[in-house]
Each structure stands twice: as C-alpha cells, then as structure tokens.
Amino acid sequence: EVLENLKDRWYQADSPPSDLLLTEDEFLSFLHPEHSRGMLKFMVKEIVRDLDQDGDKQLSLPEFISLPVGTVENQQGQDIDDSWVRDRKKEFEELIDANHDGIVTMAELEDYMDPMNEYNALNEAKQMIAIADENQNQHLEPEEVLKYSEFFTGSKLMDYARNVHEEF
C-alpha cells in the first residue's frame with residue numbers, strides 16, 4: 001500500500017508530458033507535496049478517497065471522525081478514543097468546515113491543509129511557546145529555545161508533509 005501511494009505521488013509529480021522521469025522541480029513536488037498546488041490537490045483527493053464512505057467526494061462529520069478499524073480493549077483506551085473524536089469534531093466544525101454546513105468539500109479541505117493557511121502557523125507557534133516557555137511569560141528566551149532546540153527542529157512547521165500524512 002505504501003509503495004502504491006508513493007507510485008501515485010510519483011505519477012502526479014511527473015508533470016505533462018509524462019516521461020516517468022522527474023525534473024528537480026517535479027522531484028521537489030514529490031518530496032514536499034504540500035508546497036505544490038497540484039500535489040496539494042492530489043493529497044486532498046487521497047484523503048477524501050480514504051475517508052469518504054458514501055462516495056459523494058465530500059466528508060460529513062461522521063465520516064471525518066470515524067475511528068480506525070479495531071476495538072477498544074479497556075477504559076483507558078476508550079478515554080483516548082473519546083478524546084480523539086472530540087478533537088476531530090472540534091477541528092471539523094471550527095476549522096475545516098468554513099461555511100459551517102456540516103460538509104467538508106475538497107476545496108475546504110485544501111484551504112485548511114494549505115501551508116499558507118494562517119491557522120497552521122499560528123497554531124504551531126502557540127504550541128511551541130506553550131511547551132518551551134518554562135517561565136510562563138508568553139515569550140521564548142534564548143535559553144528556552146536552545147534547551148528545546150530538538151523540539152523546534154522536529155516541529156510540524158519543519159516537516160508539514162509528515163504531519164499531514166500522520167493526521168489523516
């Protein structure tokens with residue numbers, strides 16, 4: 001399945017005329033699809049394809065929050081799942097469903113996933129400050145940045161594509 005997904009991305013990155021060879025720009029799109037408008041559209045199509053249960057090419061709240069196949073074995077697992085569902089529901093209703101009609105279209109999902117979307121950068125900055133701000137002054141001191149440097153270099157901003165793939 002992973003190989004098939006990589007193959008699909010390769011073909012998508014191979015701009016017309018398709019020759020199955022990637023130029024530098026095409027390879028960049030293959031490696032970092034979130035920075036390519038065409039590849040961003042491709043990623044959105046993949047996500048909708050994977051979550052869309054009724055085939056209408058858009059996502060309802062139940063489709064968006066459906067849990068992966070599997071059973072919960074204990075109460076702690078159920079609590080984790082409940083928290084995950086609550087977070088996904090809030091994300092759907094407040095951030096992705098721009099017109100609040102209860103349906104996420106491909107265009108809405110693309111807008112949300114776009115790295116140029118202001119929400120992504122602001123949310124990431126708030127998270128980073130909350131974790132590294134040891135003295136709780138709402139600012140990062142040079143010492144705090146140095147102490148948490150591995151966290152910053154491993155942040156979503158540093159690897160947005162990996163984060164998007166893991167979330168969906």
Side-chain angles (χ1 to χ4, degrees), residues 1-13 28-133 136 138 148 151-168:
E1 185 177 327
V2 171
L3 287 175
E4 285 300 316
N5 286 340
L6 288 173
K7 196 180 202 181
D8 288 345
R9 270 189 30 215
W10 184 276
Y11 291 135
Q12 182 65 29
L28 182 61
S29 291
F30 172 77
L31 288 179
H32 301 284
E34 72 280 4
H35 295 296
S36 162
R37 183 60 50 197
M39 290 298 283
L40 183 60
K41 286 182 184 301
F42 178 72
M43 287 170 47
V44 166
K45 285 180 187 175
E46 281 185 328
I47 291 164
V48 170
R49 181 195 68 212
D50 291 344
L51 297 178
D52 181 21
Q53 296 169 4
D54 61 10
D56 64 357
K57 298 197 182 337
Q58 48 191 8
L59 301 176
S60 64
L61 180 60
E63 289 171 329
F64 188 76
I65 64 173
S66 61
L67 291 171
V69 176
T71 58
V72 177
E73 295 179 14
N74 57 39
Q75 185 58 44
Q76 183 180 6
Q78 183 63 48
D79 292 345
I80 291 170
D81 284 349
D82 290 347
S83 173
W84 184 85
V85 168
R86 265 193 313 276
D87 291 346
R88 297 278 289 186
K89 185 175 189 267
K90 182 177 180 182
E91 179 181 25
F92 181 95
E93 293 173 341
E94 296 178 13
L95 303 172
I96 304 174
D97 185 13
N99 64 0
H100 305 289
D101 66 352
I103 298 292
V104 168
T105 64
M106 286 192 191
E108 287 173 320
L109 187 56
E110 184 178 336
D111 288 344
Y112 174 72
M113 291 179 58
D114 188 341
M116 299 307 284
N117 180 331
E118 183 180 347
Y119 165 78
N120 290 321
L122 289 174
N123 189 45
E124 180 71 9
K126 287 176 188 175
Q127 289 176 2
M128 294 171 88
I129 290 173
I131 289 171
D133 185 19
Q136 301 297 306
Q138 300 300 310
Y148 290 91
F151 168 72
F152 292 119
T153 58
S155 77
K156 293 179 197 173
L157 286 177
M158 298 302 292
D159 194 352
Y160 182 81
R162 181 183 70 215
N163 176 57
V164 167
H165 289 291
E166 288 173 0
E167 283 185 22
F168 292 101

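All values below were derived from every heavy atom in this structure, side-chain atoms included, with hydrogens, water molecules and symmetry-related copies excluded. Only a predicted model underlies this, so the values are computations on that prediction, with no experimental measurement involved. Throughout, residue positions are numbered sequentially from 1 according to the sequence presented.
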Inter-residue atom distance [X].[atom1] - [Y].[atom2], 0.5 Å rounding:
{"X": "D8", "Y": "L3", "atom1": "CG", "atom2": "CG", "value": "11.0 Å"}
{"X": "D114", "Y": "M43", "atom1": "CG", "atom2": "CE", "value": "10.0 Å"}
{"X": "E1", "Y": "L6", "atom1": "CD", "atom2": "CG", "value": "11.0 Å"}
{"X": "F92", "Y": "Y112", "atom1": "CZ", "atom2": "OH", "value": "12.0 Å"}
{"X": "D111", "Y": "T105", "atom1": "CG", "atom2": "OG1", "value": "8.0 Å"}
{"X": "I47", "Y": "F64", "atom1": "CD1", "atom2": "CZ", "value": "8.5 Å"}

(request) For the pair D52 (side chain) and D56 (backbone), establish whether a donor and an acceptor sit closer than 3.5 Å, ignoring hydrogens and angles. (result) yes
(message) I'd like to know if the side chain of Q53 reaches the main chain of E63, judged simply by a donor and an acceptor atom lying under 3.5 Å from each other, with no hydrogens or angles considered.
(response) no
(request) Would you name the heavy atoms of K57 and V48 that are closest together and state the gap between them? (result) C-CG1, 3.7 Å
(request) Determine the minimum heavy-atom distance between L40 and M113, stating which atoms define it. (result) CD1-CB, 4.0 Å
Mind checking whether [X] and [Y] have side chains closer than 4.5 Å, heavy atoms only?
{"X": "K89", "Y": "R86", "result": "no"}
{"X": "D87", "Y": "E91", "result": "no"}
{"X": "M106", "Y": "L109", "result": "no"}

(message) R88 and side-chain contact (heavy atoms from CB on, under 4.5 Å): which single residue from I65, L61, I96 fits?
(response) I65
(message) Suppose we screen for side chain to side chain contact (heavy atoms under 4.5 Å, CB included). Which residues come up paired with D133, at least two apart in sequence or across chains?
(response) I129, N135, N137, Q138, L140, E144
(message) Restricting to side chain to side chain contact (heavy atoms under 4.5 Å, CB included), what partner residues turn up for L28, sequence neighbours left out?
(response) H32
(message) Tell me every residue that passes side-chain hydrogen bond (donor to acceptor under 3.5 Å, both in side chains) with D101, counting only those two or more places apart in sequence or in another chain.
(response) N99
